[in-house]
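Have a look at the structure below, then the notes.
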Amino acid sequence: MNWILALAIAFTVVERIHAAEDLITAAQRTGRCKTFVKVIQAAGLTQTIKGYGALTVFAPIDEGFAKFPKDILDELMQPANKTRLASIVLAHIIKGKIMAADAKTMTVTTLGDSKIHLAKDGSSLRYGDANIVKADLVASNGVIHLIDKVVLPEQQELPAEKKGRKTGTQPSQAN
């Protein structure tokens, strides 16, 4: 009987240790957000996210990034596109801690000042056009909800779309 109590206490301590991790460490620990963590690092936002107050992060899982065009992601990861990459990361983060049970259908304003629709239908949640596949991963400075795709900031034009758009400029004049 004592070993059952000891085991229960050990699991409680492990849960508290995990909750003591910041959002970045918690995202890494999932093993499903490797690309998102790399994108956060490339955007220069690691310390900002770690040091901010309570946040809710809608973290695209690696399979979600696999749906994102690789050539566009590679271009966004270039140092010259750091600001644009940061805007995409910030479209996945809102101020405050919203647990799935407390979520309601509403439009939220992200840290990047985008408006993203959060929809709750029974026990299922959507963030923009992404499904929440795992909710309520608690960290010391907020909560993470894993989503199945990358959500772009409102009116965000991807580099490839800009290249494909017809303009009056000659190819040698394009950025």
Side-chain angles (χ1 to χ4, degrees), residues 11 14-79 81-103 108-121 123-154 156 158-160:
F11 281 124
V14 169
E15 273 302 310
R16 286 188 185 146
I17 289 169
H18 290 304
E21 296 173 335
D22 62 73
L23 288 162
I24 302 295
T25 305
Q28 289 170 324
R29 184 174 291 283
T30 70
R32 299 180 73 187
C33 298
K34 294 176 191 130
T35 307
F36 188 56
V37 171
K38 286 179 187 174
V39 167
I40 290 169
Q41 292 166 342
L45 293 171
T46 303
Q47 291 308 315
T48 301
I49 294 169
K50 284 184 175 193
Y52 207 92
L55 297 172
T56 299
V57 177
F58 296 91
I61 58 176
D62 293 331
E63 294 88 348
F65 270 100
K67 297 175 189 175
F68 199 78
K70 184 176 177 353
D71 59 329
I72 294 173
L73 182 59
D74 290 344
E75 185 175 339
L76 288 168
M77 294 290 282
Q78 299 300 314
N81 294 317
K82 189 174 182 177
T83 302
R84 185 165 225 176
L85 188 63
S87 74
I88 292 171
V89 170
L90 295 174
H92 292 85
I93 305 171
I94 60 174
K95 292 179 188 176
K97 182 176 169 183
I98 300 176
M99 302 300 287
D102 301 326
V108 296
T109 301
T110 68
L111 285 185
D113 288 326
S114 289
K115 306 283 188 239
I116 307 288
H117 189 68
L118 179 63
K120 184 171 187 175
D121 184 15
S123 63
S124 70
L125 287 171
R126 289 184 58 77
Y127 182 73
D129 58 353
N131 295 304
I132 296 178
V133 296
K134 176 109 174 111
D136 298 340
L137 302 172
V138 178
S140 61
N141 60 331
V143 63
I144 300 172
H145 303 295
L146 302 182
I147 59 176
D148 65 354
K149 67 183 295 188
V150 176
V151 175
L152 294 176
E154 58 191 0
Q156 178 77 39
L158 296 172

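The structure presented is a predicted model; accordingly, all values stated were derived computationally and were not measured. Residue numbers start at 1 and run along the sequence shown.
Looking at Ile116 and Ile94, their side chains never come closer than 4.5 Å, going by heavy atoms from C-beta outward. With contacts defined as side-chain heavy-atom distances shorter than 4.5 Å, the pair Pro153/Ile88 qualifies. Side chains of Ile144 and Lys134 form no contact here, defined as non-hydrogen atoms less than 4.5 Å apart.
Lys95 contributes atom NZ, which lies 10.0 Å from atom OG1 of Thr110 (distance to the nearest 0.5 angstrom). Arg32 CZ to Glu63 CD: the interatomic distance, rounded to the nearest 0.5 Å, is 5.5 Å. Note that the CD1 atom of Ile40 and the CD1 atom of Ile49 stand 4.0 Å from one another [nearest 0.5 Å]. Of the inter-residue distances, the one linking His117 atom NE2 with Asp129 atom CG reads 11.5 Å to the nearest 0.5 angstrom.
The side-chain hydrogen bond (donor to acceptor under 3.5 Å, both in side chains) contacts involving residues 36-50 comprise nothing, where partners must be two or more places apart or lie in separate chains. Pairs engaging residues 27-54 under the ring pair (Phe, Tyr, Trp, His ring centres under 6.0 Å) rule: Phe36-His92 [sequence neighbours left out].
Between the side chain of Asn141 and the backbone N or O of Leu55 there is no donor-acceptor pair closer than 3.5 Å. Thr56 places a side-chain N or O within 3.5 Å of a backbone atom of Ile98 that can act as its donor or acceptor partner. Checked by atom type and distance alone, the side chain of Asp62 pairs as donor or acceptor with a backbone atom of Lys34 at under 3.5 Å.
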task = Applying side-chain contact (heavy atoms from CB on, under 4.5 Å), run through Phe65 and Val39 and close with a yes or a no.
result = CA-CA 10 Å; Phe65 270 100; Val39 167; 4.0 Å; yes
inquiry  = Could you walk me through whether Leu118 and Phe58 satisfy the side-chain contact (heavy atoms from CB on, under 4.5 Å) test, starting with their C-alpha distance in whole Å, then the side-chain angles of each, then the deciding distance to 0.1 Å, before giving a yes or no?
reply    = CA-CA 11 Å; Leu118 179 63; Phe58 296 91; 4.1 Å; yes
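Counted within 6.0 Å of NZ on Lys67, heavy atoms from surrounding residues, nucleotides or ligands total more than 12; the atom is thus considered enclosed. Crowding of Lys120 atom NZ: a count of heavy atoms from other residues, nucleotides or ligands under 6.0 Å exceeding 12.
A search for salt bridge (charged side-chain N to carboxylate O under 4.0 Å, His left out) contacts involving Asp136 returns nothing, not counting sequence neighbours. Every residue two or more places apart in sequence or in another chain that forms a salt bridge (charged side-chain N to carboxylate O under 4.0 Å, His left out) with Asp74 is listed here: Lys70. By the side-chain contact (heavy atoms from CB on, under 4.5 Å) test, Lys115 is found to be paired with Thr107, Thr109, Glu154, residues two or more places apart in sequence or in another chain being considered. By the side-chain contact (heavy atoms from CB on, under 4.5 Å) test, Ala43 is found to be paired with Leu45, Leu85, Ala86, Val89, residues two or more places apart in sequence or in another chain being considered.
Between the side chains of Asp22 and Thr25, at least one donor N or O lies within less than 3.5 Å of an accepting N or O.
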